[in-house]
Enquirer: 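Sharing a structure below in structure tokens format, with a few things to ask.
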Amino acid sequence: MHVAISGNIGAGKTSLTELLAKHYGWEAHFEDVIDNPYLDDFYNHMERWSFNLQIYFLKSRFEQLLKLKNNTNNAIVQDRTIYEDAHIFAPNLKSMGLMNQRDFKNYQELFELMESQIQGPDLLIYLRSNIPNLVNKIHKRGREYENSISIDYLSRLNERYEAWTSTYNKGNIITIDVDQIDFVENKEDLVLIIQKIDSE
């Protein structure tokens with residue numbers, strides 16, 4: 001079984017991935033932010049490094065999915081999906097003029113080739129959050145390279161997340177509004193999420 005958690009920067013994907021892995025005994029797969037060689041450069045000069053960063057994330061997530069494909073014994077929970085890169089982050093960079101048409105076309109064609117070799121998750125959990133909550137959580141976790149993320153950038157991503165999840169058709173989807181809950185500090189909030197997952 002493959003469960004994936006999606007959502008904007010700061011929505012709580014990594015925290016929920018850890019908690020669900022612990023609760024269910026699932027194998028956790030995280031987004032590669034610690035060893036990513038492009039993140040610092042990207043946030044300092046988005047236009048120069050956008051294509052490099054997106055290709056790195058695409059490769060990293062495709063590797064995760066190939067491991068899943070070859071290991072059908074374990075249930076896994078994945079922090080962010082390969083689809084978010086292709087349907088949200090890369091198109092957003094292009095629309096903001098931070099990725100040129102040639103690079104975007106190259107990226108799209110590579111994604112389509114990879115997509116033909118994989119399947120969507122059995123269950124997608126979308127963490128919906130408003131901008132003030134995202135900004136608060138981003139500042140709270142204190143990643144230096146994220147200090148330059150603009151509200152406009154987060155807002156554009158939120159709009160794309162809403163559009164993407166409204167037409168999502170790769171499998172089952174649960175939407176969880178995380179603005180009024182704290183599943184890390186409040187066990188009752190986590191239990192409610194677990195109940196929703198169990199019902200699927």
Side-chain angles (χ1 to χ4, degrees), residues 2-17 29-33 36 38-39 42-43 46-47 49-65 77-116 118-121 123-135 137-138 141 143 145-146 148-179:
H2 176 197
V3 174
I5 301 175
S6 68
N8 206 339
I9 301 163
K13 297 179 301 299
T14 302
S15 296
L16 188 58
T17 298
H29 290 261
F30 296 98
E31 186 173 37
D32 188 0
V33 293
N36 190 316
Y38 294 107
L39 267 175
F42 170 72
Y43 283 118
M46 286 186 168
E47 187 173 359
W49 296 103
S50 63
F51 179 72
N52 305 69
L53 178 72
Q54 290 306 128
I55 289 294
Y56 182 86
F57 274 132
L58 189 65
K59 177 211 63 137
S60 176
R61 278 186 251 282
F62 187 61
E63 285 176 340
Q64 287 181 349
L65 292 170
V77 55
Q78 184 184 26
D79 173 359
R80 188 167 275 148
T81 69
I82 197 169
Y83 302 104
E84 289 161 84
D85 291 312
H87 295 291
I88 295 164
F89 286 88
N92 183 60
L93 289 167
K94 179 183 175 290
S95 73
M96 292 178 73
L98 298 171
M99 185 186 293
N100 65 47
Q101 177 60 36
R102 180 178 60 178
D103 286 346
F104 182 68
K105 184 174 183 290
N106 189 2
Y107 176 89
Q108 275 190 314
E109 289 173 354
L110 183 58
F111 167 72
E112 287 166 8
L113 181 64
M114 291 178 170
E115 188 182 22
S116 69
I118 59 172
Q119 287 185 321
L123 176 64
L124 179 74
I125 302 169
Y126 168 47
L127 303 183
R128 174 186 281 147
S129 180
N130 64 28
I131 301 303
N133 190 43
L134 293 174
V135 170
K137 287 185 177 178
I138 289 168
R141 69 187 180 190
R143 294 175 184 167
Y145 59 81
E146 291 181 338
S148 60
I149 297 176
S150 70
I151 288 174
D152 177 59
Y153 183 69
L154 291 173
S155 298
R156 286 168 177 263
L157 293 177
N158 253 9
E159 289 172 9
R160 289 185 180 275
Y161 266 106
E162 289 299 312
W164 174 63
T165 55
S166 70
T167 59
Y168 180 78
N169 60 2
K170 301 292 180 184
N172 292 338
I173 181 171
I174 297 173
T175 298
I176 298 169
D177 192 322
V178 296
D179 291 335

Enquirer: Give the intermediate values and the outcome of side chain to side chain contact (heavy atoms under 4.5 Å, CB included) for residues L93 and Y107.
Expert: CA-CA 12 Å; L93 289 167; Y107 176 89; over 6 Å; no
Enquirer: State the CD1-CG distance between I149 and L154, to the nearest 0.5 angstrom.
Expert: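 That separation rounds to 6.0 Å.
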Enquirer: If every non-hydrogen atom of S129 is compared with every non-hydrogen atom of D179, which pair is closest and at what distance?
Expert: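 Distance-wise, the nearest heavy atoms are OG-OD1, 3.0 Å.
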Enquirer: Using a 4.5 Å cut-off on heavy atoms from C-beta on, say whether the side chain of D79 contacts that of I5.
Expert: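 They are not in contact (no side-chain heavy atoms under 4.5 Å apart), so the answer is no.
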Enquirer: If you take all heavy atoms of S95 and N92, which pair is closest and at what distance?
Expert: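 What the structure gives for the nearest pair is OG-O, 2.9 Å.
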Enquirer: Taking the side chain as every heavy atom from C-beta outward, state whether L157 and L134 have any atom pair closer than 4.5 Å.
Expert: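 No. Closest side-chain heavy atoms not under 4.5 Å.
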Enquirer: Between T165 and R128, is there a side-chain donor-acceptor contact under 3.5 Å, judged purely by atom types and distance?
Expert: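 No, because no side-chain N or O of R128 sits under 3.5 Å from a partner of the opposite role on T165.
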Enquirer: Can you confirm whether F89 sits close enough to I9 that some side-chain heavy atom of one is under 4.5 Å from a side-chain heavy atom of the other?
Expert: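 The answer is yes; the side chains approach within 4.5 Å.
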Enquirer: Any side-chain to backbone donor/acceptor pair from K13 onto G7? Under 3.5 Å, distance only.
Expert: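 Yes; judged by distance alone, with no hydrogens or angles, the pair exists.
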Enquirer: What distance separates I55 CD1 from L110 CG, expressed to the nearest 0.5 Å?
Expert: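 The CD1 atom of I55 sits 5.0 Å away from the CG atom of L110.
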Enquirer: Near K59 NZ, under 6.0 Å, is it more than 12 heavy atoms from other residues, nucleotides or ligands?
Expert: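 Yes, NZ of K59 has more than 12 neighbouring heavy atoms, counting only those of other groups under 6.0 Å.
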Enquirer: Measuring from I125:CD1 to N172:CG, what's the distance to the nearest 0.5 Å?
Expert: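 Nearest 0.5 Å value for the CD1-CG distance: 11.0 Å.
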Enquirer: Kindly indicate whether the side chain of Q54, heavy atoms from C-beta on, has any atom under 4.5 Å from the side chain of D85.
Expert: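 A side-chain contact under 4.5 Å exists here.
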Enquirer: State, with a plain yes or no, whether a side-chain heavy atom of Q78 is found less than 4.5 Å away from one of L65.
Expert: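 The answer is yes, as the side chains (C-beta and beyond) meet within the 4.5 Å cut-off.
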Enquirer: Looking at A11 and V178, what are the two nearest heavy atoms and their distance?
Expert: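 Where A11 meets V178 most closely, the heavy atoms are O-CG2, 3.8 Å.
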Enquirer: May I ask you to test the N133-K137 pair for a side-chain heavy-atom distance under 4.5 Å?
Expert: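 Sidechains of K137 and N133: in contact.
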Enquirer: Any side-chain donor paired with an acceptor under 3.5 Å for S60 and E63?
Expert: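 No pair is found: no donor N or O on one side chain lies under 3.5 Å from an acceptor on the other.
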Enquirer: Do the non-hydrogen side-chain atoms of P121 and Y83 ever get within less than 4.5 Å of each other?
Expert: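 Counting from C-beta outward, P121 and Y83 do come under 4.5 Å.
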Enquirer: Measuring from Q64:CD to I118:CD1, what's the distance to the nearest 0.5 Å?
Expert: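 Those atoms lie 11.0 Å apart.
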Enquirer: Is it true that the side chains of Y161 and E84 contain a donor and an acceptor less than 3.5 Å apart?
Expert: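 There is such a pair (donor and acceptor under 3.5 Å, judged by atom type) between the side chains of Y161 and E84.
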Enquirer: Could you check whether any side-chain heavy atom of K170 comes within less than 4.5 Å of a side-chain heavy atom of E115, counting everything from C-beta outward?
Expert: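 Yes, side chains in contact.
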Enquirer: For G10 and I138, work out which heavy atoms get closest and say how close.
Expert: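 Shortest heavy-atom separation between G10 and I138 comes out as CA-CG1, 4.1 Å.
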Enquirer: What distance separates N52 CG from N36 CG, expressed to the nearest 0.5 Å?
Expert: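 Atom-to-atom, N52:CG and N36:CG are 10.5 Å apart.
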Enquirer: Of all heavy-atom pairs between D152 and M96, which one has the smallest distance, and what is that distance?
Expert: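 For D152 and M96, the tightest heavy-atom pair comes out as OD2-CE, 4.0 Å.
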Enquirer: Considering the options F51, W49, F57, which one meets the side chain to side chain contact (heavy atoms under 4.5 Å, CB included) requirement together with L53?
Expert: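 Exactly one pass, corresponding to F57.
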Enquirer: Run the numbers on N158 and E162 for side chain to side chain contact (heavy atoms under 4.5 Å, CB included), then give the verdict.
Expert: CA-CA 6 Å; N158 253 9; E162 289 299 312; 5.7 Å; no
Enquirer: Shortest non-hydrogen contact from T81 to A4?
Expert: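 Looking at all heavy atoms of both residues, the shortest contact is CG2-CB, 3.4 Å.
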Enquirer: Could you check whether atom CD of Q119 has more than 12 heavy atoms from other residues, nucleotides or ligands sitting under 6.0 Å from it?
Expert: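 Check fails, neighbour count at 12 or below.
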Enquirer: Just how far is it from atom CG of N8 to atom CD1 of I88, taken to the nearest 0.5 Å?
Expert: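 The CG atom of N8 sits 8.0 Å away from the CD1 atom of I88.
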Enquirer: What about the rings of Y168 and H87, do their centers lie closer together than 6.0 Å?
Expert: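 For Y168 and H87, the ring centres are not under 6.0 Å apart.
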